[in-house]
Amino acid sequence: MKFNENLENLKVYEAGKPIELVVREFGVEPKDVVKLASNENPNGTSPKVVEAVRDFATKMYLYPDDSYFELKGALASKFNVDEKNIILGAGSDQVLEFATKAKLKEGDKVLMNKVTFAMYEIYAKVCGAEIVRTDGLLHNAQQFKTTYDKLKPAIVFICVPNNPLGECMTRAEVYDILSHLDKDTLAIVDCAYMEYAAYKNKDVLIEPRELISKFPNAVYLGTFSKAYGLGGMRVGYGIGEESVIKAFYKVRPPFNVANLSALAALAALKDEEFVRNSVEQNFEEMKRYEEFAIENGIETIDSYTNFITYFFKDKSSKEVADALLKKGIIVRDLTSYALNGIRITIGSSTQNDRFFEEFKKVQC
Ligand SMILES: *Cc1c(COP(=O)(O)O)cnc(C)c1O
């Protein structure tokens with residue numbers, strides 16, 4: 001059978017390996033598996049959220065309120081924007097899909113960093129767009145502007161902080177890029193880790209209200225999957241100028257966020273203390289990874305997220321990741337990004353103990 005030819009040179013997104021796989025393939029006890037591969041919150045989900053979902057579980061036979069009145073209302077008041085500025089997605093991933101479908105025609109170009117979140121490329125290619133990347137490893141405002149001038153892409157993806165490397169441009173740098181774009185260029189400002197980044201340094205904080213009032217062609221993406229501990233529920237959001245959000249709505253399927261998921265997100269917004277504690281703990285534990293790297297001659301990049309990257313000179317990252325996997329430690333090998341490194345989610349204190357212990361043993 002013939003399929004859409006845009007799919008021909010598309011690689012399937014490589015998700016972090018699940019705990020079940022390690023149990024099945026290497027016979028590790030489930031309790032001994034340490035999953036540091038998908039940037040999940042090691043504190044799990046706020047107990048208040050779990051309780052809210054449990055109370056609501058008998059309602060899963062009902063379709064959600066498709067206006068998502070309560071969750072959109074809560075986000076609108078959190079960010080001081082109007083509900084008309086918000087669209088929800090099954091993860092912010094789905095909002096990326098809306099953005100590409102709504103904006104791109106065959107042959108359009110999209111611009112992104114050399115190394116960045118893999119889904120930008122996948123969604124853009126499905127629409128028949130051509131991918132253009134900056135030259136340098138880390139986000140650089142000047143490179144974005146120069147490449148933009150040459151190729152006039154229809155969408156510019158900016159990932160602050162960036163996955164999988166963890167670096168983050170300042171707000172001034174992001175605004176510098178945005179003020180350089182034509183009004184007809186859609187700018188996606190992906191802030192999946194902003195709760196972490198803004199805690200580390202206020203100069204990187206992007207506020208959706210200010211962003212979209214200064215730059216009506218920009219859309220802020222946020223998610224409940226990382227700091228809020230709801231990866232399994234699939235809830236994210238886009239915040240943009242009303243006419244942009246209206247266009248995204250045209251490609252949105254109805255009931256795209258499950259009712260239990262919307263309820264969980266709403267409850268999660270009410271427990272800011274859980275998020276704050278998780279973020280504080282993250283950077284406390286991150287210090288241990290930084291020190292360990294120095295002690296062991298491993299190169300890292302200063303991280304504004306809940307993960308850190310380790311780069312190796314004299315061993316293969318794939319071998320390191322495979323050896324750790326056999327011990328039940330799941331990390332993300334970066335070979336598919338053409339980098340000899342691994343991305344490690346900052347775990348709980350005991351999970352990190354296990355990582356260091358096993359890592360020392362696999363040092364061949
Ligand atoms: C995790 C992540 C997302 C979105 O995740 P969802 O679970 O789909 O909300 C988006 N962008 C980046 C850079 C991410 O790391």
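As a basis for the values below, the full set of heavy atoms in this structure was taken, side chains included, without hydrogen atoms, waters or symmetry mates. In each ligand, atom 1 is the first atom listed, and ligand 1 is the first ligand listed. Keep in mind that this is a model prediction, so the values were computed, not measured.
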J.: With heavy atoms under 4.0 Å as the rule, classify the contact between Ser225 and ligand 1 as side chain, backbone, both or neither.
T.: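 The answer is the side chain of Ser225.
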
J.: Check this for me: Glu290, atom CD, are more than 12 non-hydrogen atoms of other residues, nucleotides or ligands nearer than 6.0 Å?
T.: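 Yes, CD of Glu290 has more than 12 neighbouring heavy atoms, counting only those of other groups under 6.0 Å.
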
J.: Would one find more than 12 heavy atoms of other residues, nucleotides or ligands at under 6.0 Å from atom CZ of Phe356?
T.: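 More than 12 heavy atoms, drawn from other residues, nucleotides or ligands, come within 6.0 Å of this atom.
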
J.: Regarding Ser278 and Asn41, is there a side-chain donor-to-acceptor distance under 3.5 Å anywhere?
T.: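 Yes - a donor-acceptor pair under 3.5 Å links their side chains.
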
J.: Aromatic rings Tyr310 and Phe359: how do their planes relate, parallel, tilted or perpendicular, breaks at 30° and 60°?
T.: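 It falls in the perpendicular class, over 60°.
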
J.: Heavy-atom contacts under 4.0 Å between Asp93 and ligand 1: side chain, backbone, both, or neither?
T.: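 For Asp93, the contact with ligand 1 is made by both the backbone and the side chain.
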
J.: What residue and atom, counting heavy atoms only, is the protein's closest point to atom 4 (C) of ligand 1, and at what distance?
T.: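 So the nearest neighbour among protein heavy atoms is Ser92 OG, 3.1 Å.
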
J.: Write out the residue and atom name of the closest protein heavy atom to atom 9 (O) of ligand 1, then the distance separating them to 0.1 Å.
T.: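 Going atom by atom, the protein heavy atom closest to atom 9 (O) of ligand 1 ends up being Thr223 OG1, 2.5 Å.
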
J.: Are side-chain N/O atoms of Tyr193 and Thr223 paired as donor and acceptor at under 3.5 Å?
T.: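 No - no donor-acceptor pair under 3.5 Å links their side chains.
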
J.: According to the interplanar angle, ranging from 0 to 90°, do the rings of Tyr13 and Phe117 count as parallel (below 30°), tilted (30 to 60°) or perpendicular (above 60°)?
T.: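 Plane angle over 60°, so perpendicular.
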
J.: Purely on distance, is any nitrogen or oxygen of Tyr120 under 3.5 Å from one on ligand 1?
T.: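 It does not: no N or O of Tyr120 is found under 3.5 Å from an N or O of ligand 1.
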
J.: So, Thr134 versus Thr147: side-chain donor-acceptor pair below 3.5 Å or not?
T.: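 No, no side-chain donor-acceptor pair sits under 3.5 Å.
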
J.: With a cut-off of 4.0 Å, which atoms of ligand 1 are near a heavy atom of Cys159?
T.: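 Atoms satisfying the 4.0 Å criterion: 13 (C).
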
J.: Between Phe224 and ligand 1, which residue portion shows a heavy-atom distance shorter than 4.0 Å: side chain, backbone, both, or neither?
T.: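 Within the 4.0 Å criterion, Phe224 makes no contact with ligand 1.
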
J.: Return the option from Phe117, Tyr193, Phe307 holding the heavy atom at the smallest distance from atom 15 (O) of ligand 1.
T.: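 Ranked by closest heavy atom to atom 15 (O) of ligand 1, first place is Tyr193.
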
J.: May I ask you to identify, for Arg234, whether its side chain, its backbone, both or neither come under 4.0 Å of ligand 1 on a heavy-atom basis?
T.: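 The answer is the side chain.
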
J.: Just by distance, no angles: are the side chains of Glu106 and Asn6 close enough, under 3.5 Å, to form a donor-acceptor pair?
T.: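 Note: Glu106 and Asn6 side chains meet the donor-acceptor criterion.
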
J.: List every atom of ligand 1 that sits less than 4.0 Å from any heavy atom of Gly91, numbering the atoms from 1 in the order shown and giving each element.
T.: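 Selected atoms, number and element: 6 (P), 8 (O), 9 (O).
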
J.: With heavy atoms of Asn163 as the reference, note each atom of ligand 1 found under 4.0 Å away.
T.: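 Atoms satisfying the 4.0 Å criterion: 13 (C), 14 (C), 15 (O).
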
J.: Can you tell me the protein heavy atom closest to atom 11 (N) of ligand 1 and the distance?
T.: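 In this structure, atom 11 (N) of ligand 1 has Asp190 OD2, 2.6 Å as its nearest protein heavy atom.
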
J.: Look at atom NZ of Lys84 and say whether more than 12 heavy atoms of other residues, nucleotides or ligands are closer to it than 6.0 Å.
T.: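 No, not enclosed.
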
J.: May I ask you to identify the nearest protein heavy atom to atom 2 (C) of ligand 1, giving residue, atom name and distance to one decimal place in Å?
T.: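 Residue, atom and distance for the closest contact: Lys226 NZ, 2.5 Å.
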
